[in-house]
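First the structure, in the form of structure tokens, and then the observations on it.
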Amino acid sequence: MRAALSDPDRPRRWATAVVLAGLAAAAQWLARPWLGADVPFLFFLPAIVAASARAGQGAGLFVTAAGLVSCLLWLSPPGHWWVVDITDDLTLILFAMVGAVLAMLGARVRMTSARASAAEQRLVLAGEDTGIGIFDVDLAARTAYLSPALALLCRVDARDGAVPLEDAMSRLPPDAAAEARAELVRKLRERASGYEREVRLTLPDGHERCLMLRVHIVWSGDRAVRLRGA
């Protein structure tokens, strides 16, 4: 009871594991006429990865256990449930080992994704609280991610993620946009790793705002691929 109260998402995670195990079993047995008797766990492998990535290692191990039961029924001769030969024993052991590894890897993917999401949320909150604008420009895709503070300053709707780079640049005063492009071209010719510069913007209400811009240039060989900064 105490664990359930401290982890309100636990029922949802286990429901996800049960659903994935059921879907894998249904798909496995429905495909038996085409698979034959030699592939008893084909649909359980992706289900283990999905369950552990979405609901944790325990969910992945649960789907692995369900797969083992399904494999036993699959491999047992008709009328002799739970009786398998030595070759089938090796198949079951191999599946159990692979399932455990996939559950662990899926759980790590889930943990890494959760940490990245938490870090991004903290960064967004920090930017909103301090007024710091953060940007990430993909030069190949010609798109730009702008933090809420910077999107508001540039009058760009960035709620859905990256926006076309030209849309962001077109929102800047023409002289500021031209100066920014010229400075970037100079730094790219110098193969600089980054630079700082002061930018003076005239806002729509006529007021001026002075900003300190810090840019980090990401290179891939001889080509600049991203601009990141604040």
Side-chain angles (χ1 to χ4, degrees), residues 9 12 16 46 49-56 102 104-230:
D9 289 336
R12 178 186 58 80
T16 299
V49 175
S52 57
R54 290 180 61 85
L102 291 178
M104 180 182 65
L105 294 177
R108 287 188 178 181
V109 169
R110 178 174 180 270
M111 185 179 300
T112 301
S113 177
R115 287 175 177 173
S117 178
E120 182 178 358
Q121 290 177 3
R122 287 195 296 268
L123 190 60
V124 169
L125 290 175
E128 291 177 346
D129 292 341
T130 62
I132 296 176
I134 300 168
F135 62 89
D136 183 2
V137 177
D138 187 331
L139 295 176
R142 304 292 295 174
T143 58
Y145 164 78
L146 307 179
S147 69
L150 188 57
L152 181 63
L153 181 64
C154 296
R155 293 169 292 151
V156 174
D157 184 359
R159 289 174 296 179
D160 296 330
V163 299
L165 179 58
E166 293 305 319
D167 286 358
M169 295 298 293
S170 67
R171 299 286 184 170
L172 299 176
D175 55 341
E179 186 179 350
R181 288 191 176 96
E183 180 69 10
L184 176 60
V185 168
R186 283 195 295 270
K187 295 301 179 182
L188 292 178
R189 287 174 179 171
E190 297 171 3
R191 294 191 55 81
S193 60
Y195 60 95
E196 292 182 1
R197 61 187 296 263
E198 192 174 277
V199 180
R200 192 175 297 275
L201 295 179
T202 302
L203 303 181
D205 59 6
H207 290 86
E208 284 194 346
R209 175 169 292 183
C210 188
L211 306 177
M212 175 58 70
L213 181 67
R214 175 174 292 177
V215 182
H216 172 63
I217 304 174
V218 180
W219 294 87
S220 177
D222 296 331
R223 183 180 181 186
V225 293
R226 303 188 84 90
L227 304 175
R228 292 173 177 156

Could you walk me through whether Ile217 and Arg191 pass the side chain to side chain contact (heavy atoms under 4.5 Å, CB included) test, one step at a time? CA-CA 9 Å; Ile217 304 174; Arg191 294 191 55 81; over 6 Å; no
More than 12 heavy atoms of other groups within 6.0 Å of Arg54 CZ: no
Positive for side chain to side chain contact (heavy atoms under 4.5 Å, CB included) with Leu227, one of Asp138, Val218, Leu139, Asp136: Leu139
What one should report as the nearest heavy-atom pair of Leu188 and Trp219 is O-CH2, 3.6 Å
Any chance CZ of Arg214 has more than 12 other-residue heavy atoms, nucleotides or ligands included, within less than 6.0 Å? no
CE of Met212 to CZ of Arg197: how many Å apart, nearest 0.5 Å? 10.0 Å
Indicate the atoms forming the closest heavy-atom contact of Phe135 with Val137, along with that distance. CD1-CG2, 4.1 Å
If you compare all heavy atoms of Arg223 against all heavy atoms of Ala140, which two are closest, and at what distance to 0.1 Å? NH2-CB, 4.0 Å
Atom of Val49, atom of Ser52 and distance for their closest heavy-atom approach: O-OG, 3.1 Å
Derivation and outcome, salt bridge (charged side-chain N to carboxylate O under 4.0 Å, His left out), residues Lys187 and Glu196: CA-CA 11 Å; Lys187 295 301 179 182; Glu196 292 182 1; over 6 Å; no
Which heavy atom of Gly56 sits nearest a heavy atom of Ala107, and at what distance? C-CB, 4.3 Å
